[in-house]
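Just so it is clear: chains get the letters A, B, ... in the order the sequence lines come, proteins before strands, and each one is counted from 1.
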Amino acid sequence: MNTRKVRVRFAPSPTGPLHIGGVRTALYNFLFARKHGGKFILRIEDTDQTRFVPGAEEYIIESFKWCGIQFDEGVTTGGPYGPYRQSERKAMYRKYAEMLLESGNAYYAFDTSEELSELRKLFEKKKKTFTYNAFERKQLKNSLALSKQEVDELFEKKTPYVIRFKMPENEIIIMNDLIREKVEVNTSTLDDKILFKSDGMPTYHLANVVDDHLMEISHVIRGEEWLPSLPLHVLLYKAFGWDTPEFAHLPLLLKPDGNGKLSKRDGDRLGFPVFPLQWKDPKTGEISTGYREDGYFPEAFVNMLALLGWNPGDERELFIMEELIEAFSIERVGKSGSRFDPEKAKWFNHQYLIRKSDEELADLFSPILKEKGIETSIETIIRIISLVKERVAFVHELWDQSYFFFIRPEDYDPKTVKKRWKTDSYEHISRIKELLADIDDFSSENIEKIVKAWIEENELGMGAVMNALRLVIVGALKGPHLFSIIELIGKNETLARIENGLKVLGKKETG
RNA sequence: GCACCGUUCGUCUAGCCAGGUCAGGACGCCAGGUUUUCAUCCUGGUAACACGGGUUCAAAUCCCGUACGGUGUACCA
């Protein structure tokens, strides 16, 4: 490893919402930077004007803010290496392309996109692949094949041109990757990539290498989809005479089922988000849900992503950001793609939820209650949450576990009625009603003591009586400790519910 | 097609570099326990070294091949 100051970057293209794979790449960069006391930079790679999507950059920035991933330099914060948006750096790239032209590492090419795609089709018919390489470039329209006079003529006629990298022939390039170790490739299998487009913009390859150098990036940590262009990048550094940074190519996130990498479609199909935040497509108006909107805590989301492809080497699974920074190392990132598992994502959220204080959860749950038209004190909400929070993975699921604290049952689960409302249930519950009416200390413990004593005195089955009582109080056989519910809803409500239950359920005739 | 990368329970993974473990953990699933119910929780169980060769006393671990999968192959990033 080199001993340079650690400077890493995340360099998204603002072509849409950030996919969770991208978030993970950024996260690993962030963790790596923090771990080594380095800097983390956000650079926007918007060299393709045709694919620019309004709102995408803002979306990316907001996503990281939500995740707690902070940048030390970049479009948001500025910094000494700016500008951090490639469209604003446009003027400088040409110079670098020319340096390559002068050193003989690049050349002009005048072939049009149409001509090239014709060629590709032609080759395909012959079951071959067209590659713009050392062999083919001799018969194409470029400054290597054409005479100086022909080239000058083309320039005079203002013929559009691109600048291509002159890929050397039959050289073995040996590269090192922090995750994959040695990677070898023969340059003859590569092509003369375009570095500079006819619209005056650099392609990714040129802009990326130039900016990484200028911004003194020490480690390039990016997705595995870039591994095939690593030799080009290494050759580019060499052609410029620059030191190469260290490289680490992260494995991809795969679909939960079937083959291939995780895509937006999988989320729609299987019902889980693939984006951190909700995204509305500005063109179609289509809305894709996000982890934030689905009720995930950012800590849980980050924790889940961190463990997808990386592990600490011991058996810990729950990490807050500080702990991730402490434990992270690029060497412990796996080599193979990870299937995304929505079930485990929920489990992580559950873990974070049960660790939150009742007060904090109450603050989050209050607006949901308000929306349902429930008016109650925050103290009550806190007490209810303490009773039910272990049962849920998301704040919004709290309602399903607690609505009966607020709403008197109107109907009773028919299956339970059939099974638990027995011949003498009416009698028993009527007696309990009288019993409860006389209790002054309406605490869970006291009520429980009295009711249980009564059941024992009368030698009745605990299950039979308690289930019937639960049925009239809750409306179904579910929920936390029954006496806690009774205490919370209070004496008046309890008696009213029992009365209503008796009225609706009535006496069951012996059948 | 070609190039590169990869392959341990259904899933995330430990173990591989420095060969010797009943191949460990977590999610899920199943069973039992706890409980007045449901859920939680606890305990237990389920289940994997892609295949074939080699090297070796000994291979998940080292080597070779095959299969399968992924990515790339744009004037996209």
Task: Nearest-0.5 Å distance, CG of residue A:D281 to NZ of residue A:K264 - done: 8.0 Å
Open item on the list: Nearest to the A:L308 side chain among B:rC12, B:rU73, B:rA77, which nucleotide is it?
Closed with: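 Looking only at side-chain atoms, A:L308 lies closest to B:rC12.
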Task: Among B:rC4, B:rU36, B:rC27, the nucleotide that comes nearest once only the side chain of A:H481 is considered - done: B:rU36
Using a 4.0 Å heavy-atom cut-off, does [X] contact any base of the nucleic acid, only the sugar-phosphate backbone, or nothing at all?
X      : value
A:R51  : base
A:R420 : nothing
A:G309 : sugar-phosphate
A:L482 : base
A:R316 : nothing
A:S336 : sugar-phosphate
A:K335 : sugar-phosphate
A:V162 : base

Below 4.0 angstrom from OP1 or OP2 of [N], is there any side-chain N or O of [X]?
X      : N      : answer
A:T47  : B:rA77 : yes
A:R180 : B:rG6  : no
A:K415 : B:rU37 : no
A:N467 : B:rU37 : no

Send over the distance from [X] [atom1] to [N] [atom2], rounded to a whole Å.
X      : N      : atom1 : atom2 : value
A:F483 : B:rU37 : CZ    : C1'   : 12 Å
A:I44  : B:rA77 : CD1   : C1'   : 12 Å
A:F340 : B:rG28 : CZ    : P     : 14 Å

Open item on the list: Is the ring pair A:F406/A:W399 parallel, tilted or perpendicular, if the boundaries are 30 and 60 degrees?
Closed with: parallel
TODO: Could you label the plane-to-plane angle of the A:W226 and A:H233 rings as parallel, tilted or perpendicular, counting under 30° as parallel and over 60° as perpendicular?
DONE: tilted
Short heteroatom pairs, N/O only, protein and nucleotides 40-45 of chain B, under 3.5 Å:
from   : atom 1 : to     : atom 2 : distance (Å)
B:rU40 : O2'    : A:E390 : OE1    : 3.4

Task: Of residues 400-409 of chain A, the positions that come close to RNA chain B - non-hydrogen atoms, cut-off under 4.0 Å - done: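 By residue number: none to list.
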Open item on the list: I'd like to check A:L505 versus A:Y426 (side-chain heavy atoms, cut-off strictly below 4.5 Å). Are they in contact?
Closed with: no
Open item on the list: My understanding is that only residues two or more places apart in sequence, or in another chain, count here; which of them pass salt bridge (Lys or Arg N to Asp or Glu O under 4.0 Å) with A:D212?
Closed with: A:R9, A:R43
Expressed as a whole number of Å, how far does the [atom1] atom of [N] sit from that of [M]?
N      : M      : atom1 : value
B:rA14 : B:rC9  : P     : 12 Å
B:rC51 : B:rC68 : C1'   : 10 Å
B:rA50 : B:rU8  : C1'   : 10 Å
B:rA23 : B:rC49 : C1'   : 8 Å
B:rG6  : B:rC64 : P     : 12 Å
B:rG19 : B:rC63 : C1'   : 13 Å

